[in-house]
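Hydrogens, waters and symmetry mates play no part in the numbers below; they use all other heavy atoms, side chains included.
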Amino acid sequence: MTPHSPVKQDASEFEPPAKLDSRVVNCGIAWMISFQLVYISSYLFCLDLHRREYLDLANRFGPMAFALVCTAIVWTRLRRHPVLLWTPITWFIAISAMAFGVGPLIYFWGQDDEIRELDKFFLMDEFNLARTNVLNGVGMLVLCSVHTLASWTSWRPAVPKAPDLGNLANARKMLFRLFLLVGPLKLLVIIPMYLGWLDFIVPGIVESLASLFGVVILLAFFLWQSGDRRYAPIALGLMVLDSAIALAVFSKLMFILPFVNAAIGIYLAKPRLRYLALGFVLVASGYMFVKPLVDSGRSRFGRHSRDVKDTVSFVSYYFSENKSRDYYETHSSEHWWARQSYASTQAYLMNSYDNAHPGNSINHVWIVFIPRIVWPDKPLVNRAGVALNIEVFGSDTSSLAATIYGEAYWNGGWPMVVVITTFISAVFYIFGMYSINFMRFPDYRWLPVGMMGILYGLSVECWFVSIFVGGIPMFFGTWYLMKFMFPIRETR
């Protein structure tokens, strides 16, 4: 293996680039379709019988099977070819295993105090739990079916004509130019925004650009693991810096994302599943480590502005006094499980729609396509979760997650579930095909868009307008920015 083309060498061990087509992007999807047909039919049978013991049995073991099938499909896809890591549907299936498989099982194997906390939001019974499981099954069935049908069309993305986009020289060039672009935005705009110091709304395009700091971390780890040890302190330093910033704003997601980027960077250099698995074990460990601090910080400071000195003092005191012990004395060890269970929220939204109280969170979808520079007073489209929290609890200190299926049903019942899921699936397929085409060579200019696609696939609990529609202009803007910043002459 030459030191200048580690990815090409590893990728060729799997499959020639010419054969990477729609068959590959749909790897394992037929299994999911078959499983969901059985899953949904079993639930409908139990619901039709109106027998509590049958519903209890289905709710107890159905989601468990759901999680196992999702895990098996993700494993199969990554063994099929490492480039499938860059397809949004791979990540969507992976996170669905937790959200719609493991999450609902808390009602059977979770601790009573956590179940009581969930019941404060919506009191679940066998019937409502079964309805939410059917909702998740139908949503997954539609998504996977549309993803498969899309491959039957004649559309295919154009194949890049430049054969040498994946050398380490281009990776180094991208790292330093991206750092010069996004580093100042991260430190001078985004951090003050999270701390509540700015008296204006930061445009979404600026937030999107600042998020490319994660790609800088990814590239640093990639270069280090490709054999250039000079990048080891850079990679580790950037990861620690980004995680420390997350501690200052009390965000679990911001804390673990640098570790996710590091794991993917290592996998890009050494596409072996054991490296990826080890990386995400560390990510999970980091999540459990920081969760008590984040929850304690949010309970003290809320969502409002705070003084940096107070924040630093709080974090220092927390670690010096080992206050995590206090947290675990007042919170169950399964608190994380309750936070990953969305069944009660989904049941609330489904019952709201059925009782003539539909949602309106997608009514103003057109707003996201108008830049804030054109409409400075443009309404915020990312407040749906806060609005729902106010409706339910009368407080704006937190944000409720609806899940894409729950929000869709809330806004229009089963027809809207089909419409929204079809839209998301089509976008998954399109970006999956583009990722296969650009990352199989690879073309590192696609890395920022590919990472955005991964986050897109992870957003099962997010709101449709702000993430799934609002993210599309960001995809296109980021891609053309990368082509402008890194012009590479393509062969004819």
Side-chain angles (χ1 to χ4, degrees), residues 25 83-95 147 157 160 165 171 174-175 177-179 181-183 185-186 189-190 202-222 238 242 246 251 253-254 256-265 267-268 283 368-369 371 381-382 404 423-440 442-486:
V25 80
V83 79
L84 291 178
L85 177 78
W86 298 96
T87 60
I89 197 169
T90 298
W91 293 86
F92 183 85
I93 293 173
I95 198 67
H147 200 274
L165 296 172
M174 274 200 67
L175 187 152
R177 289 188 184 180
L178 272 181
F179 180 79
L181 172 68
V182 305
L185 288 178
K186 182 83 171 182
V189 179
I190 300 303
V202 177
I205 186 63
V206 175
E207 291 188 60
S208 180
L209 287 175
S211 69
L212 299 184
F213 193 83
V215 180
V216 176
I217 296 173
L218 187 157
L219 285 168
F221 273 90
F222 166 72
L238 291 176
D242 209 18
S251 170
L253 179 61
M254 287 179 61
I256 65 172
L257 278 180
F259 297 93
V260 173
N261 289 314
I264 294 176
Y267 183 73
L268 185 63
V283 168
V368 302
F369 296 103
V381 296
N382 60 352
I404 58 171
F423 174 87
I424 293 172
S425 180
V427 175
F428 279 1
Y429 177 78
I430 291 169
F431 278 98
M433 290 298 294
Y434 271 113
S435 292
I436 282 179
N437 275 277
F438 283 107
M439 292 306 297
R440 70 191 186 189
D443 182 348
Y444 295 135
R445 297 175 301 173
W446 184 256
L447 276 174
V449 187
M451 284 304 302
M452 293 173 69
I454 287 175
L455 294 176
Y456 198 89
L458 286 171
S459 301
V460 297
E461 82 284 4
C462 294
W463 294 84
F464 178 70
V465 172
S466 60
I467 300 298
F468 292 98
V469 179
I472 292 177
M474 303 300 180
F475 286 134
F476 286 108
T478 302
W479 174 234
Y480 285 108
L481 175 65
M482 292 301 102
K483 294 185 73 172
F484 173 77
M485 289 182 60
F486 308 104

To the nearest 0.5 angstrom, please state how far the [atom1] atom of [X] sits from the [atom2] atom of [Y].
X      : Y      : atom1 : atom2 : result
Leu212 : Ile217 : CG    : CD1   : 11.5 Å
Tyr444 : Phe438 : OH    : CZ    : 15.0 Å
Ile264 : Phe221 : CD1   : CZ    : 12.0 Å
Phe486 : Met174 : CZ    : CE    : 4.5 Å

Donor-acceptor contacts, no H, no angles, side chain residues 86-95, under 3.5 Å, sequence neighbours left out:
unit_1, atom_1, unit_2, atom_2, d
Thr87, OG1, Arg77, NH2, 3.0
Thr87, OG1, Leu84, O, 2.8
Thr87, OG1, Thr90, OG1, 2.7
Thr90, OG1, Arg77, NE, 2.8
Thr90, OG1, Arg77, NH2, 3.2
Thr90, OG1, Leu84, O, 2.9
Trp91, NE1, Leu85, O, 2.6

**Prompt:** Got Arg440 and Asn437 here, is their nearest side-chain heavy-atom distance under 4.5 Å?
**Reply:** yes
Nearest heavy-atom neighbours spanning [X] and [Y]:
X      : Y      : value
Cys462 : Ile467 : CB-CG1, 3.6 Å
Leu185 : Ala210 : CB-CB, 4.3 Å
Val25  : His147 : O-CE1, 3.6 Å
Ile190 : Val206 : CD1-O, 4.4 Å

**Item:** side-chain contact (heavy atoms from CB on, under 4.5 Å) evaluation trace for Trp479 with Arg445
**Value:** CA-CA 8 Å; Trp479 174 234; Arg445 297 175 301 173; 3.9 Å; yes
**Request:** Could you tell me whether a side-chain N or O of Arg177 sits under 3.5 Å from a main-chain N or O of Met485, the two making a donor and an acceptor?
**Result:** yes
**Asked** Donor-acceptor pair, Asn261 side chain versus Leu257 backbone, under 3.5 Å?
**Response** yes
Show the atom names and distances, to 0.1 Å, of all donor-acceptor pairs under 3.5 Å that link a side chain in residues 447-461 to residues at least two apart or in another chain.
unit_1, atom_1, unit_2, atom_2, d
Tyr456, OH, Phe468, O, 2.6
Ser459, OG, Leu455, O, 2.7

**Residue list, ring-ring contact (aromatic ring centres under 6.0 Å, His included) with Phe423, at least two apart or on another chain** = Phe464
**Message:** Between Ile430 and Tyr434, is the side-chain contact (heavy atoms from CB on, under 4.5 Å) condition met? List the steps.
**Reply:** CA-CA 6 Å; Ile430 291 169; Tyr434 271 113; 3.8 Å; yes
